[in-house]
J.: 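Below you will find the structure I want to go over with you.
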Amino acid sequence: MPIPAPRPGHYALGGMLASILLNLLLRTFVKVGGLLATLLIAGLIAAGMALVFVWRNHRAPWPEERRRIVLYYGLGLGVLYIGLLSMMEQQYEHSPVGLMLFGLHYACYPALAWMALGRLGR
């Protein structure tokens, strides 16, 4: 039975759901916060996405699959982060440095996913 073609949207959606779940668990119950928590969560999700891809497809992602997975993942998380930022801005206004730090937290997720998915091809 042939293996069906990978669907990048499914990997991106799984990564987004894992991001929500792990952020809630670590930041709420374990009380881990800051950039360390973001790097830990983003790294776990990136490694998980890469391992699941290899497990299901028995190969590393091709460059176009890698681009699509990271693009969908980044866009989906971007929408979630913009929603979170708009809710935070209603509470109080943030400085440009705070917004830059918020953007840095967001950028960790697609950047680590890009690196993890690219490592598999080597």
Side-chain angles (χ1 to χ4, degrees):
M1 184 164 146
I3 299 170
R7 304 187 84 180
H10 290 178
Y11 294 100
L13 183 61
M16 288 185 291
L17 293 174
S19 172
I20 293 168
L21 182 66
L22 285 175
N23 271 299
L24 283 174
L25 289 175
L26 262 90
R27 294 181 191 274
T28 304
F29 298 117
V30 182
K31 302 289 187 204
V32 176
L35 192 58
L36 175 65
T38 299
L39 289 171
L40 177 67
I41 294 167
L44 286 172
I45 293 169
M49 285 170 53
L51 291 173
V52 167
F53 189 96
V54 170
W55 175 64
R56 290 184 52 108
N57 298 292
H58 305 289
R59 62 174 175 82
W62 294 328
E64 55 273 359
E65 292 170 336
R66 177 184 177 202
R67 278 191 296 273
R68 278 202 167 159
I69 291 170
V70 174
L71 177 69
Y72 295 161
Y73 179 57
L75 287 174
L77 282 179
V79 168
L80 293 175
Y81 262 77
I82 288 172
L84 180 61
L85 180 63
S86 67
M87 289 189 315
M88 289 170 44
E89 287 290 320
Q90 290 177 355
Q91 300 274 326
Y92 55 92
E93 198 168 318
H94 293 83
S95 68
V97 174
L99 294 175
M100 189 174 71
L101 186 61
F102 191 78
L104 175 66
H105 279 267
Y106 158 74
C108 289
Y109 290 92
L112 288 175
W114 179 262
M115 289 190 310
L117 290 167
R119 282 281 203 212
L120 298 173
R122 295 183 187 179

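All figures in this text were calculated on a predicted structure; none of them were measured in a lab.
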J.: What distance do E89 atom CD and L84 atom CG have between them, rounded to the nearest 0.5 Å?
T.: 10.5 Å
J.: For M88 and L99: C-alpha separation, side-chain torsions, deciding distance, then whether side chain to side chain contact (heavy atoms under 4.5 Å, CB included) applies.
T.: CA-CA 11 Å; M88 289 170 44; L99 294 175; over 6 Å; no
J.: Do M100 and L39 land in one hydrophobic cluster if side-chain heavy atoms of ILVMFWY residues count as linked below 4.5 Å?
T.: no
J.: Decide whether V54 and W62 are clustered together by the hydrophobic rule: side chain heavy atoms of Ile, Leu, Val, Met, Phe, Trp, Tyr closer than 4.5 Å, transitively.
T.: no
J.: Quick one: CD1 on I41 to OG on S19, what's the gap to the nearest 0.5 Å?
T.: 7.0 Å
J.: Identify whether L77 and Y72 are in the same connected component of the hydrophobic contact network (ILVMFWY, side-chain heavy atoms under 4.5 Å).
T.: no
J.: Got a sec: does the CZ of R68 have more than 12 other heavy atoms crowding it under 6.0 Å?
T.: no
J.: Going hydrophobic residue to hydrophobic residue with side-chain gaps under 4.5 angstrom, can you get from L40 over to Y81?
T.: yes
J.: Between F53 and Y11, is a side chain to side chain contact (heavy atoms under 4.5 Å, CB included) present by the stated rule, with each step listed?
T.: CA-CA 8 Å; F53 189 96; Y11 294 100; 3.7 Å; yes
J.: Can you measure from CG (L17) to CG (L22) and round to the nearest 0.5 angstrom?
T.: 11.0 Å
J.: If I take atom CD1 from residue I45 and atom CD1 from residue I20, how far apart are they, to the nearest 0.5 angstrom?
T.: 9.5 Å
J.: What's the spacing between L85 CG and Q90 CD if we round to 0.5 Å?
T.: 10.5 Å
J.: Quick one, L51 and R56 - any side-chain contact, counting heavy atoms below 4.5 Å?
T.: no
J.: Can you hop from M87 to I82 via hydrophobic side chains spaced under 4.5 Å?
T.: no
J.: Please examine the side chains of M49 and Y73, heavy atoms only from C-beta on, and report whether any two atoms are closer than 4.5 Å.
T.: yes
J.: For G34 versus R27, what's the shortest heavy-atom pair and its separation?
T.: N-NH1, 3.6 Å
J.: Could you go step by step and tell me if L25 and V30 meet the side chain to side chain contact (heavy atoms under 4.5 Å, CB included) rule?
T.: CA-CA 7 Å; L25 289 175; V30 182; 5.8 Å; no
J.: Using a strict 4.0 Å threshold on nitrogen-to-oxygen distance, state whether E65 and R7 make a salt bridge.
T.: no
J.: Provide the full list of side chain to side chain donor-acceptor pair (under 3.5 Å) pairs with a residue in residues 39-52, sequence neighbours left out, each pair given once.
T.: none
J.: Determine, step by step, whether F29 and L24 satisfy the side chain to side chain contact (heavy atoms under 4.5 Å, CB included) criterion, reporting the C-alpha distance in whole Å, the side-chain angles of both residues, the deciding distance to 0.1 Å, and the verdict.
T.: CA-CA 8 Å; F29 298 117; L24 283 174; 5.9 Å; no
J.: What distance separates L13 CG from H10 NE2, expressed to the nearest 0.5 Å?
T.: 7.5 Å
J.: Please tabulate, for the side chains in residues 101-117, all donor-acceptor contacts under 3.5 angstrom to protein atoms that are two or more places apart in sequence or on a different chain.
T.:
| from | atom 1 | to | atom 2 | distance (Å) |
| --- | --- | --- | --- | --- |
| H105 | ND1 | T38 | OG1 | 2.5 |
| Y106 | OH | G74 | O | 2.7 |
| Y109 | OH | N23 | ND2 | 3.0 |

